[in-house]
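Reviewing the structure listed below.
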Amino acid sequence: MPLLRSFRRHGTGPFGAQPVMQDWPGLIEAYRAWLPVSDATPVVTLREGATPLIPAPSIAERIGRGVRVFLKYDGLNPTGSFKDRGMTMAISKAKEAGSEAVICASTGNTSAAAAAYARRGGMRAFVLIPDGYVAQGKLAQALLYGAEVLAVQGNFDRALTIVREVADRYPVTLVNSLNPFRLQGQKTAAFEVVDALGEAPDWLCIPVGNAGNISAYWMGFREYRQAGRSWKLPRMMGFQAAGAAPLVLGHTVEQPDTIATAIRIGNPVNKENALKARAESNGDFMAVTDAEIIEAYKLLGAGEGVFCEPASAASVAGLLKRREEVPSGATVVCVLTGNGLKDPTTAIEHNDAKFHAGIEPDTATVAKVMGF
Ligand code: F0G
């Protein structure tokens, strides 16, 4: 087993030295030397980062040959997705620049993170979402965090075009991943993976939508290797939903469609960076069908006890699809980008659970239904 990074220190309680969890300061403080911040930057943080790297024995067993599989569970960030990594940076830098309002287009997670961090930083948050295609939990978050939500009758790509134009013309800061500080924050996930494993993995499997995260991971892995923190680099394996796979097809998809609404994107803005990551890492892009995504989603839940959202499961669906090609004994990390609670509707509609409704409230009936 790898040496996992430990944050324990020894405190002195009434019973002598006791291991206690050290307070995690958030990723800007933890990785300050690697980030474009200064003493003048007002750090807006919800203590994001330091998410667990969870072994996935059920998935590893399906591959065999001594392959080790880990899940980078970024659904445990404060708003439930990896977007918090980018947003602590983007909002801190917007505040440093004196901005009073931010704007983004989003399939849901960016809007939740933008709203939370903007409000915490005392700014207004405007979020444009594709009307009817944002999971319930994400919409609930944007509303509860106090964003001003504009549901547009068009897809994410259209909404992104609009917010770029608005940010060009009016005094409002764009916090989509075109904002370079977003990827700076997100690259810290790669640092954490290397810090936890003591080395970079052989494969990094990741869902790809607007292609910011794969670009950020690649930047992080390269920076760490250049600094001597690791001696190898992973192959970057990006997975898109079959109905929204512009990077696999090599052209824009006008009407993207998938159950994984987070990655329902037809024209990724970080396309060039993602293509570079693929080429430089000898990686690959591939499409996974909605059926394959749902199969992996259920396997993660019932086989590993890890609840992620459908888009996140694309990384595991992709790994299983390519399992013959994983070298024996390799270490693979699958990025689980968002928490399953974001999208309760999909979970309730797609599971293999036994659900017995209308049970009479007596012990004998319950025992009988249980099979006793
Ligand atoms: N997984 C989840 C859960 C996401 O929310 C996203 C993107 C991705 C993967 C893909 O990451 O865009 O960097 O390639 N969500 C954006 C949003 C588009 O608006 O929340 P990417």
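Note that ligands are numbered from 1 as they come in the structure, with each ligand's atoms numbered from 1 the same way. Quantities reported herein were computed from a predicted structural model and do not represent experimental measurements. Positions are given from 1, in the same order as the sequence printed here.
Looking only at heavy atoms of the protein, atom 6 (C) of ligand 1 is closest to F82 CE2, 3.8 Å. At the top of the distance list for atom 9 (C) of ligand 1, counting protein heavy atoms only, stands T337 OG1, 3.5 Å. From the protein, the heavy atom lying nearest to atom 4 (C) of ligand 1 is A262 CB, 3.6 Å. In this structure, the protein non-hydrogen atom closest to atom 8 (C) of ligand 1 is I263 CG2, 3.6 Å.
Every atom of ligand 1 with a heavy atom of I265 under 4.0 Å away is listed here by number and element: 18 (C). Near V208, meaning under 4.0 Å from any of its heavy atoms, are these atoms of ligand 1: 14 (O). Which parts of ligand 1 touch N109 is read off a 4.0 Å heavy-atom cut-off, strictly below it: atoms 2 (C), 3 (C), 4 (C), 5 (O), 20 (O). Remark: ligand 1 atoms within the under-4.0 Å shell around heavy atoms of S106 are 17 (C), 19 (O), 20 (O). Residue-ligand proximity, N210 to ligand 1, at heavy-atom distances under 4.0 Å covers atoms 12 (O), 14 (O), 21 (P).
Between D84 and T79, the side chains place a donor N or O and an acceptor N or O closer than 3.5 Å (distance only, hydrogens not considered).
For the pair R119 and Y145, the NZ or CZ position fails the cation-pi test of under 6.0 Å to the six-membered ring centre and within 45 degrees of the ring normal. For the pair R264 and F156, the cation-pi criterion (under 6.0 Å, within 45° of the ring axis) is not fulfilled.
Considering only heavy atoms from C-beta on, L319 comes within 4.5 Å of W203 through its side chain. Contact of the V369 side chain with the I359 side chain is registered, since non-hydrogen atoms from C-beta on lie closer than 4.5 Å. Taking the side chain as every heavy atom from C-beta outward, K138 and D343 never approach each other to under 4.5 Å. Counting heavy atoms from C-beta outward, N176 and V269 have side chains that stay 4.5 Å or more apart.
Looking at T107 next to ligand 1, an N or O pair under 3.5 Å apart turns up. Remark: ligand 1 and N213 share an N or O pair separated by less than 3.5 Å (distance only, no angle test). Here's the thing with K83: one of its N/O atoms is less than 3.5 angstrom from an N/O atom of ligand 1. Taking only nitrogen or oxygen atoms, main chain and side chain alike, E309 does not reach within less than 3.5 Å of ligand 1. Polar contact check, T110 against ligand 1: a nitrogen or oxygen pair lies under 3.5 Å apart. Considering backbone and side-chain atoms alike, G212 places an N or O below 3.5 Å from some N or O of ligand 1.
Nearest to atom 14 (O) of ligand 1 by heavy atom, out of A211, G80, S177, A314, is A211.
Using a distance-only test at 3.5 Å, with no hydrogens or angles considered, no donor-acceptor pair links the side chain of N210 to the main chain of G212. Of the possible donor and acceptor atoms, one in the side chain of K321 sits under 3.5 Å from a partner among the backbone N and O of A287.
In this pair, Y31 and Y224 present their aromatic rings perpendicular. The plane angle is above 60°, beyond the 30 to 60° band.
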